[in-house]
**Q** 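Have a look at this one before I ask anything.
Order of the sequence lines fixes the chain letters, A, B, ..., with proteins taken first and strands second; residue numbering starts at 1 for each chain. In what follows, every heavy atom counts, from backbone to side chain, and hydrogens, waters and symmetry copies are set aside.
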Protein chains: 2
Amino acid sequence: MNNPNKKKFSDKVINRLTLYHCILTDYMLRNIEFISSPQIAALLKIDDSQVRKDISLLNNVGKCRVGYIARDLKENIEKTLGFEKPKDAFIIGAGNLGSALAKYDNFANYGLNVLALFDNSSLKVDTKINDKQVFHISKLPDLAEKLSVEIAIMTVPREFAQITADFLVKSNIKYIWNFTPTVLFVPNNIQVWNENLMGNFLQFTYQK
Amino acid sequence: MNNPNKKKFSDKVINRLTLYHCILTDYMLRNIEFISSPQIAALLKIDDSQVRKDISLLNNVGKCRVGYIARDLKENIEKTLGFEKPKDAFIIGAGNLGSALAKYDNFANYGLNVLALFDNSSLKVDTKINDKQVFHISKLPDLAEKLSVEIAIMTVPREFAQITADFLVKSNIKYIWNFTPTVLFVPNNIQVWNENLMGNFLQFTYQK
DNA sequence: AATTAATTGTGATATTTTTCCCTATTATAC
DNA sequence: GTATAATAGGGAAAAATATCACAATTAATT
């Protein structure tokens, strides 16, 4: 009955939980002890019962008339979503976006460690970006194996997207976070997340 | 019956349509004339009837046994989602991410024109990034009014996120694309899209 | 010309997600 | 102490979304 391969939470729930986490981080900085579902709901402009349902999935209990203990809830989300089991990743493509993501130290707070970058330009190879070395792309298979890295953040120009994806798959990368405006063709055992920036933009500007 | 303020398409549909558009762009580059719903579905690992349902919303008709005319379908998506009516935007925060987005020329293909950047650092003010001028943030209200800009892409450090949002709202900005890991408190008439990068990352790495 | 197989379009069904609504609880005000 | 109002928790209903199933069409094959 309890299929261990089944995801525990839907994508929507995970997405909302990380937004609750952002709010809770802010509450911590402001030293506020309690948070209520209507407060969270108002900030995100969603229904308060939705917030309670999500939180109840974490087996987190609140106090009537008071709300939830902000610190506990924050830690509970971190534990549930695995922030404290860091995952290592490579950035493929040390251009503008790749560099920006390499400098985005917030990733580490959410359990994502960028170990290195890869590029094919000799201008970039052997430089450092935010203390992370840029290697030639040919070094990737070796380093991925040695460091057991399964996650690649792909920020190459669109014309190299598919060929790069093929190379990553051959190098035993299992997760590709695709920042190129391309849909990749990969085997079924590879997880791809299309960071569909324009789709997101249209979602919030279209007819509102 | 036909409420003109009602959105025609759900967020999910818009998101998928932009992914279909990515695929179609690739088909154009490869000079492939026809595309079928099972082909699209296989790339995105979704159901083919889902693809047909989405496409039928565009009043696009396909040919049995052949599929859809790739160029027509692409143009239909562009027309429907308004790629050809460009929208002007400002980038707020000329740091790494802001600069990367200013250099991301793909936005223009999707109807988003970045006119200028704003920052409060004198080191950045009056420089140019990809031919776009960086202005001091104090110039924003004037320029937003003169140029009728309603969209702001926010890439400031998290500690300045809320104060910046307040300032944008006062400056009559109506749409905030929020790249900071913060949930903003804004009036109900302001649209915010939280580009929740870590949420997206967790969605595709969590228990898969 | 007949057959086969691939594809669209769509109604029906199933599933997922969200919202509604009510009860129990409890801090605060009176 | 009692009343009030805000909140959590959770079952039920509603809404949204995705999948299934199949008839109709048609290009390709025989």
**Q** Taking CZ from Arg52(B) and P from dA6(C), how many angstroms apart are they, rounded to a whole number?
**A** 14 Å
**Q** Which nucleotide wins on minimum distance to the side chain of Ser49(A), given the candidates dT26(D), dC20(C), dA8(D)?
**A**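 My answer, after comparing the listed nucleotides, is dC20(C).
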**Q** Select from Arg65(A) and Val61(A) the residue whose nearest nucleotide in DNA chain D is closer to the 5' end of that strand.
**A** Arg65(A)
**Q** Rounded to the nearest Å, what distance is computed from the CG atom of residue Leu57(A) to the C1' atom of nucleotide dG10(D)?
**A** 12 Å
**Q** CG of Leu17(A) versus P of dT17(C): gap in Å, rounded?
**A** 13 Å
**Q** Between Glu78(B) and Lys74(B), does any side-chain N to carboxylate O distance fall below 4.0 Å?
**A** yes
**Q** Would you call Asp48(B) and Arg52(B) a salt bridge, taking side-chain N to carboxylate O under 4.0 Å as the test?
**A**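 Yes, this pair counts.
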**Q** By the 4.0 Å heavy-atom rule, please label Lys53(A) as base, sugar-phosphate, or nothing.
**A** base
**Q** State whether a side-chain donor-acceptor pair under 3.5 Å links Tyr20(B) with Asp54(B).
**A**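 Checked: Tyr20(B)/Asp54(B) side chains pair up, N/O donor to acceptor below 3.5 Å.
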**Q** To the nearest Å, how far apart are Ile69(A) CD1 and dT7(D) C1'?
**A**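 Distance, rounded to whole Å: 14 Å.
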**Q** To the nearest Å, how far apart are Leu44(A) CG and dT18(C) P?
**A** 12 Å
**Q** OP1 or OP2 of dA18(D) less than 4.0 angstrom from a side-chain nitrogen or oxygen of Arg16(B), does that happen here?
**A**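 True: Arg16(B) side-chain N/O within range (under 4.0 Å) of dA18(D) OP1/OP2.
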**Q** OP1 or OP2 of dA6(C) versus the side-chain N and O atoms of Lys63(B): is any pair under 4.0 Å?
**A** no
**Q** Need to verify one output field. Residue with the more 5' nearest nucleotide on DNA chain C, Gly62(B) or Lys12(B)?
**A**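 Final value for this comparison: Gly62(B).
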**Q** Consider the side chain of Pro38(A), meaning its heavy atoms from C-beta on, and name the nucleotide among dA8(D), dT8(C), dT19(C) that approaches it most closely.
**A** dA8(D)
**Q** Taking for each residue the nucleotide of DNA chain C with the nearest heavy atom, is it Val66(A) or Cys64(B) whose nucleotide lies nearer the 5' end?
**A**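 Going by which nucleotide is closer to the 5' end, it is Cys64(B).
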**Q** Salt-bridge test for Lys170(A) and Asp166(A): reply yes if a basic N is under 4.0 Å from a carboxylate O, no otherwise.
**A** no
